[in-house]
Amino acid sequence: MKILFHPDKADIHLSSILYALSDPVRLSIAAEISRLGECTCGGIDANVVKSTMSHHVRTMREAGVVQVRVQGTQRFLSIRSADLEERFPGLLSSILNAYAGSDAHSSNVL
């Protein structure tokens with residue numbers, strides 16, 4: 001089994017988080033995971049093919065935004081809220097609140 005890279009809390013950089021969440025699809029995925037709690041990749045309605053979803057999850061995982069837990073053939077995603085809150089207080093909640101109030105979110109435009 002391939003070991004997935006997750007940066008240590010101290011190695012999470014602001015620029016990486018902002019880059020990972022600058023893509024509208026990744027931002028919607030992060031908002032969905034935040035809303036649902038831990039969920040599988042298939043449980044997120046991102047309207048992208050599986051390979052594209054894998055790319056977006058990898059980008060967010062390597063930036064330190066999400067934690068991926070492998071169980072059998074499934075991958076469970078969760079937001080690293082505690083690590084992000086400790087490293088950059090209020091950042092994630094500000095981004096997700098701004099997204100929740102945006103036109104892109106309310107009209108489901110990606």
Side-chain angles (χ1 to χ4, degrees):
M1 177 174 76
K2 182 179 175 182
I3 296 175
L4 301 175
F5 170 76
H6 293 87
D8 291 331
K9 179 175 35 178
D11 294 330
I12 297 174
H13 300 286
L14 179 62
S15 58
S16 299
I17 294 168
L18 294 176
Y19 171 76
L21 297 177
S22 67
D23 182 275
V25 174
R26 287 193 291 266
L27 182 55
S28 70
I29 292 169
E32 187 77 359
I33 296 169
S34 179
R35 185 180 69 78
L36 296 172
E38 185 178 59
C39 58
T40 62
C41 290
I44 299 170
D45 184 23
N47 295 323
V48 294
V49 296
K50 188 175 178 180
S51 61
T52 302
M53 180 69 160
S54 295
H55 166 74
H56 287 311
V57 169
R58 187 183 94 212
T59 300
M60 291 191 297
R61 177 178 45 81
E62 291 178 350
V65 175
V66 298
Q67 176 77 32
V68 179
R69 181 175 62 87
V70 178
Q71 185 173 336
T73 60
Q74 293 190 329
R75 305 224 185 285
F76 290 87
L77 309 175
S78 59
I79 299 289
R80 292 180 63 176
S81 8
D83 290 342
L84 293 172
E85 186 61 28
E86 186 176 322
R87 188 87 169 96
F88 304 104
L91 176 69
L92 184 63
S93 59
S94 294
I95 292 171
L96 294 177
N97 287 338
Y99 174 72
S102 72
D103 291 337
H105 174 260
S106 58
S107 63
N108 293 323
V109 175
L110 296 179

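Just so you know, these numbers use all the heavy atoms, side chains as well, and skip hydrogens, waters and symmetry mates.
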Any donor-acceptor pair under 3.5 Å from Asp8 side chain to Ala10 backbone: no

Pi-cation contact, Phe5 with Arg58 (under 6.0 Å, within 45°): no

Single-linkage hydrophobic cluster, 4.5 Å side-chain cutoff, Met53 and Val49 together: no

Separation between CG of Leu91 and CG of Leu18, rounded to the nearest 0.5 Å: 6.0 Å

Polar side chain donor-acceptor pair, Arg69 to Gln71, under 3.5 angstrom: yes

Heavy-atom closest contact (Tyr19 atom, Thr59 atom, distance): CE2-CG2, 4.0 Å

Note, Ile29 side chain near Leu27 side chain (heavy atom, < 4.5 Å): no

Residues Leu77, Thr40; criterion side chain to side chain contact (heavy atoms under 4.5 Å, CB included); working and verdict: CA-CA 6 Å; Leu77 309 175; Thr40 62; over 6 Å; no

Minimum side-chain heavy-atom gap Leu36-Cys39 below 4.5 Å: yes

Student check: side-chain heavy atoms of Phe76 and Val70 closer than 4.5 Å: no

CD (Glu86) with more than 12 external heavy atoms under 6.0 Å: no

Distance, nearest 0.5 Å, that separates OG of Ser16 from CE of Met60: 13.5 Å

Arg80 and Pro7, any side-chain heavy atoms less than 4.5 Å apart: yes

Test item: Arg26 side-chain N/O and Ala20 main-chain N/O as donor-acceptor pair under 3.5 Å: yes

Check: Val48 main-chain N/O paired with Thr52 side-chain donor or acceptor under 3.5 Å: no

Pairwise side-chain contact, Leu21 with Tyr99, heavy-atom cut-off 4.5 Å (strictly under): no

Validation row: Val57, Arg75 side chains within 4.5 angstrom (heavy atoms): no

Val68 backbone acceptor or donor facing His6 side chain under 3.5 Å: yes

Gap separating the CG atom of Leu4 from the CD atom of Glu62, nearest 0.5 angstrom: 9.5 Å

Side chain to side chain, His13 and Ile17, heavy atoms closer than 4.5 Å: no

Point-to-point distance, once rounded to the nearest 0.5 Å, from CD1 of Ile95 to OG of Ser34: 11.5 Å

4.5 Å side-chain heavy-atom contact, Ser78 and Val66: no

Rounded distance (nearest 0.5 Å) linking atom CD1 of Ile79 with atom CD of Glu38: 11.5 Å

Distance, nearest 0.5 Å, that separates CZ of Arg87 from CG of Asp11: 8.0 Å

